[in-house]
Amino acid sequence: MRYSTVLFDLDHTLFDTHASEAAAFDATMRSADLDSSSEILATYDRINQALWRRVEGGEFSPNDIKVRRFEEFLAEVGADGDPVAMAEAFVAGLAENGELYSDSLATLEALSPACRLALITNGLGSVQRGRLRRLGLEERFEAVSISGELGMSKPGREIFDHTLTELGVDDRSGVVMVGDSLASDIRGGSNAGIQTVWFNPNGLPNTTDVEPTHEVRGLDELFSVVG
Ligand SMILES: [Mg+2]
């Protein structure tokens, strides 16, 4: 095998985060007696993504943005609501909703006899733990690193160092990070001195200065990259 240790991202790589967020957002809006629509969800998405970029930049921790995203959202749409209650409903909904992509489990099963598998995810501890338990994913990884639990986030190298220390991996030449985000997964892997696979299902152009080692359109291509 070219790589003996494979580090996976969760959101938008193995897990259908878009569906999870849409269902959680719907439930949150219902609980706050507010109308939802795809436009309103898009507004929330924009605010949320901008805040996560500030987490990636080190300005906020994941926990800082839990309520803040609903404060900003309510201000922007000009609605009355309790951002704390909405944040709680949303976090519960994120853990309870969403499934793995159809080929995620088969990919992990194909790799696991030959490779050590770990997960490195930027997210809230309660959300990601809830999803991993519900989907039976925790036991499929030798190490699970969640930024909200550890106080370190991709693309910083610390969360990679922490994970590789937990695995007892010293030689990084056999380690590869797989993820959809150039800003967190690919830059993070590069910061940590490991190889990277950009999971790019929509064939987006790379407009950044970071170069993935490999690029795949589907998880089914991963076995030939790793093997
Ligand atoms: Mg991702």
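Computation of the quantities below employed the complete heavy-atom set of this structure, encompassing side-chain atoms and omitting hydrogens, waters and symmetry-equivalent molecules. Just so you know, ligand 1 is whichever comes first in the structure, and atom 1 is the first atom listed for that ligand.
- Between D180 and T13, the side chains place a donor N or O and an acceptor N or O closer than 3.5 Å (distance only, hydrogens not considered).
- Between H12 and Y101, some side-chain heavy-atom pair lies under the 4.5 Å cut-off.
- Donor-acceptor pairing under 3.5 Å is lacking for the side chains of N97 and S20.
- For the residue pair S61 and N63, no side-chain donor N or O sits within less than 3.5 Å of a side-chain acceptor on the partner.
- Within a 6.0 Å radius of CD in E109, other residues, nucleotides and ligands contribute more than 12 heavy atoms.
- Near-neighbour remark for the Mg ion (ligand 1): protein N, O or S atoms under 2.8 Å are D9 OD2, D11 O, D180 OD1; waters not counted.
- Not counting sequence neighbours, the partners of F73 by the ring-ring contact (aromatic ring centres under 6.0 Å, His included) test are F25.
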